[in-house]
Amino acid sequence: LQLYRAGLAYRKGAPVNWCPDCQTVLANEQVENGACWRHPETTVVQRQMEQWFLKITAFADALLEDLDLLQGWPERVKIMQRNWIGRSQGADLHFTVESKPNVKITVFTTRVDTVFGVSYLVLAPEHPLVRELTTDECRESVEKYLEQSSRKTELERQMAEKVKTGVPIGSHVVNPFNGDIVPIWVSDYVLMSYGTGAVMGVPAHDQRDFEFATTFGLPVKEVISPTGQPSGELKEPYLDPGIMINSGSFNGLTSEVAKKKMIDWAAENQSGAPRVQYRLRDWLISRQRYWGCPIPLIHCSQCGVVPVPDDQLPVRLPVEGIEITGEGGSPLARLKSFIEISCPQCGGQASRETDTMDTFIDSSWYFLRYADPHNEKLPFTKDRVNYWMPVDQYVGGVEHAILHLLYARFFTKALSRLGLLDCKEPFSNLLSQGMVTKFSPTSGRIEKMSKSRGNVVGTTDFFKRYGADAARLFTLFASPPEQELEWSEEGAIGQYRFLGRIWRLVSDLTARGCIDADAVDPDPALVDATGKALLKLTHKTIKAVSQDLDPSCYGFNTAIARCMELVNGLYKYVSEKTTGDALTVTEHERQLLSFSIRNLLLLLAPMAPHICEELWHLTGHARQPDDSIHRAAWPAYIDAFTIDDEIELVLQVNGKIVSKVTAPRGLAQPDAQSLALNDAKIQSKINGQSVRKVIVVPDKLVNVVI
RNA sequence: GCCGAAGUGGCGAAAUGGCAGACGCAGCUGACUCAAAAUCAGCCGGGGCUUACACCCCGUGUCGGUUCGACUCCGACCUUCGGCACCA
């Protein structure tokens, strides 16, 4: 209602997308390849209907420009939104009808510079002036053409392989720039829903116009040439900028300069005006579905559309008396007790709107409720929302790039304009995660997991057998988060095995008394070489996992791999300390094991929360029964312990690896160089040839160039 | 057609311009077991050579370039995937 009162929600009759399967209309964003997003097999048809729209186009510029503020969004999502919004800068030009000087046809063009090359003008079949301007001689063929094209579905129009069809309507227009008189045609390659539904035809400089003119033998007049000289007969349209020719006083200018001057000229001569056109259309939100939020408006024959008074909000979806017939259409429209209502303004008989709102309405602002979840009177208050918003880190699938993510941005901007909140954008950082895919028996291909494709994995069964932690670890481990992920039972079982390894390790060490939750951190000077290696491995793991989990990286897959390495290291250490069945450890070794295990659990806890919590308690770290590992501090590492004293120096000749030697860390360059040059393998490679250069990368490699 | 992303073992993948294949799956071998499962330990890019240890060559979609050195940077191409598509 707030949007309605602000003029951002309106009702209008328009050709809309209709899914015969859902028996409802759909938004443009919900039509994929000419089919319904819920029913890929069902072709969407066009229907003329009165429907509710939200004025998302009023925010087209802001939605486009503010994409630049979204530094934390993946570029591909921003590009998809830019394309969807589709900003085109150009001008409206007015062409006067020759026989009716008071009637003007306005076209939108981005190429004013080509206007001297206009050889015809085309109207969309749905253009309101088509019938008015059709002459008697042409009436029959035009009516036939209109009838044909109205029978085409959107999909057929797309599938028509772009073969140009059309008929002349008999009238002519005058080119405001040069007085040329050119014929008007009607053709369905021009869309009523974009621009003005009328296009100036410039065959020499537009691919579609060229095809159209070639098909119907219309003149091709070159007005921009790469050289400034006429090119003779054109075999294909010239689309690039160039030098103006055949264009009166604009001749000789570059087309880019001419474009600006010509728009100015049109404006001065009342023949046009600069304009920006968007591809984005207003958001059709009416649905003839039962499951949805009722649209809180009342239709009164006297007063027109009247909002449901505030004290009667929200309008709840009725449950009593609803009949699901399976015949389609909304059951609400058949429920008299819901429809019949007296008009809040005049008290007369009126009826409720029976359409419900698109599901995407709800997802466009649900997150605001999280800022103020216990408010009984309002959905949210401004100060709470201003405190929490924007969302620091949003996560969602790419499939929402131009649906949810665009709508939510629009809602935030609209609510901001209404003064209900202050932020410009809802989500500062967006992690666009890949979809989960799996082989689909329905299609015989690997597809995104969904009920309709019959490739869903029952989580309950999987959790019962292997646990939620295993499923969670697998989805994190199988690929980086923004990449697609193919579900694999074997892979998930691998994670189950990994968790089993941890469980046995920790519970066994605990049973043997090797874990002490109160132990102080181990002193590296007091453990043996094996112990030192484990201590270093632990510190390295803390460092690496901390970096991997940082929002700048989100490398969950590598973070888990690090934890696996630490577990492998722990197993190795334990086996080296075990003789027969007996594991005996010194106090220092107990400290070491306690330290290593404690940190392993802390590092893994975000990714395998249940088992880590369980082991946290088992190892005595929870002082109170309700203590949680998830409230414990994130582990810290000591950088000095992540650095090895000895490194392996790679020795190369001409960039090819010849040998590897262990060397003390921090070896000076000349020492490293002589170490390499004295190496026997390097010597035999050099074999008397002259050494031109030696490149030393400290603590990494030496490359001898011969 | 336009825009974008990606091509690395049998598979999922890893690698601030510096040891390609970490980690895991599958596979193979051994230990344990009457046996199997589970578990534990080991092997595991391709080719050549060797009794063996070793050693040699090739290898990150293709072709070029930059560089002492390229999976990584640059150019062209090929393929796959995703988005948009008669948008004037």
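By convention in this document, chain letters (A, B, ...) are assigned in the order of the sequence lines, proteins followed by strands, and residues within each chain are numbered from 1.
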Between atom [atom1] in [X] and atom [atom2] in [N], what is the gap in whole Å?
X: Trp487(A); N: G12(B); atom1: CH2; atom2: C1'; value: 13 Å
X: Leu406(A); N: G83(B); atom1: CG; atom2: P; value: 16 Å
X: Glu490(A); N: G27(B); atom1: CD; atom2: P; value: 9 Å
X: Leu570(A); N: C40(B); atom1: CG; atom2: P; value: 13 Å
X: Lys656(A); N: C58(B); atom1: NZ; atom2: P; value: 4 Å
X: His400(A); N: G82(B); atom1: NE2; atom2: C1'; value: 16 Å
X: Leu485(A); N: C25(B); atom1: CG; atom2: P; value: 16 Å
X: Ile105(A); N: A88(B); atom1: CD1; atom2: C1'; value: 15 Å

If you only use heavy atoms from C-beta on, which nucleotide in [options] is closest to the side chain of [X]?
X: Ile402(A); options: A88(B), G83(B), G12(B); value: G83(B)
X: Ile657(A); options: A20(B), G18(B), A85(B); value: A20(B)
X: Asp188(A); options: C86(B), C19(B), G18(B); value: C86(B)
X: Phe477(A); options: C23(B), A13(B), C19(B); value: C23(B)
X: Met564(A); options: G83(B), A88(B), G24(B); value: G24(B)

Under 4.0 angstrom, heavy atoms only, what part of the nucleic acid is [X] near: base, sugar-phosphate, or nothing?
X: Ile79(A); answer: sugar-phosphate
X: Glu75(A); answer: nothing
X: Arg87(A); answer: nothing
X: Asp206(A); answer: nothing
X: Arg501(A); answer: sugar-phosphate
X: Gly494(A); answer: sugar-phosphate

Is the [X]-[Y] ring centre distance short of 6.0 angstrom?
X: Tyr120(A); Y: Phe216(A); answer: no
X: Phe212(A); Y: Tyr189(A); answer: yes
X: Phe360(A); Y: Trp283(A); answer: no
X: Trp487(A); Y: Phe462(A); answer: yes
X: Tyr407(A); Y: Trp84(A); answer: no

Expressed as a whole number of Å, how far does the [atom1] atom of [N] sit from that of [M]?
N: C81(B); M: U8(B); atom1: P; result: 14 Å
N: G59(B); M: A41(B); atom1: P; result: 36 Å
N: C11(B); M: G65(B); atom1: P; result: 31 Å
N: A6(B); M: G61(B); atom1: P; result: 13 Å
N: G69(B); M: A20(B); atom1: C1'; result: 14 Å
N: C71(B); M: G7(B); atom1: P; result: 14 Å
N: U50(B); M: U62(B); atom1: P; result: 31 Å
N: G4(B); M: G9(B); atom1: C1'; result: 29 Å

When you check the phosphate oxygens OP1 and OP2 of [N], does a side-chain N or O of [X] lie under 4.0 Å from one of them?
X: Thr558(A); N: C23(B); result: no
X: Asn568(A); N: A22(B); result: no
X: Lys681(A); N: C55(B); result: yes
X: Arg497(A); N: C25(B); result: yes
X: Gln652(A); N: G18(B); result: no
X: Asn557(A); N: A14(B); result: yes
X: Arg279(A); N: A85(B); result: yes
X: Tyr571(A); N: C40(B); result: yes

- Work out which heavy atom in Cys514(A) is nearest to a heavy atom in Leu583(A); give both atom names and the distance.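 Minimum heavy-atom separation between Cys514(A) and Leu583(A): SG-CD2, 3.7 Å.
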
Nucleotide paired to [N] in any strand shown, Watson-Crick or G-U, under 3.5 Å:
N: C84(B); value: G1(B)
N: C40(B); value: G30(B)
N: A20(B); value: none
N: C73(B); value: G65(B)
N: G7(B); value: C78(B)

- Query: Can a cation-pi geometry be assigned to Arg501(A) and Tyr571(A), taking NZ or CZ under 6.0 Å from the six-membered ring centre and within 45° of the ring axis?
  - Reply: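 Yes.
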
- Item | Identified salt bridge (charged side-chain N to carboxylate O under 4.0 Å, His left out) counterpart of Lys543(A) within the set Asp550(A), Asp548(A), Asp639(A) |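 Of the listed options, the one satisfying the test is Asp639(A).
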
- Query: Since syn is defined as within 90° of 0, does G9(B) count as syn or as anti?
  - Reply: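 In terms of base orientation relative to the sugar, G9(B) is syn.
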
- Message: Quick check on RNA chain B: between Met200(A) and Arg504(A), whose nearest nucleotide comes earlier from the 5' end?
- Response: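 Residue closer to the 5' terminus by nearest nucleotide: Arg504(A).
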
- Message: If you assign each of Lys572(A) and Tyr194(A) to its closest nucleotide in RNA chain B, which residue comes earlier from the 5' end?
- Response: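 Looking at the nearest nucleotide for each, Lys572(A) comes out on the 5' side.
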
Is the base of [N] touched by the side chain of [X] through a donor-acceptor pair closer than 3.5 angstrom?
X: Lys164(A); N: C86(B); answer: yes
X: Asn83(A); N: C84(B); answer: no
X: Lys693(A); N: C68(B); answer: no

- Non-hydrogen side-chain atoms of Asp644(A) and Lys540(A) separated by less than 4.5 Å: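 They are in side-chain contact.
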
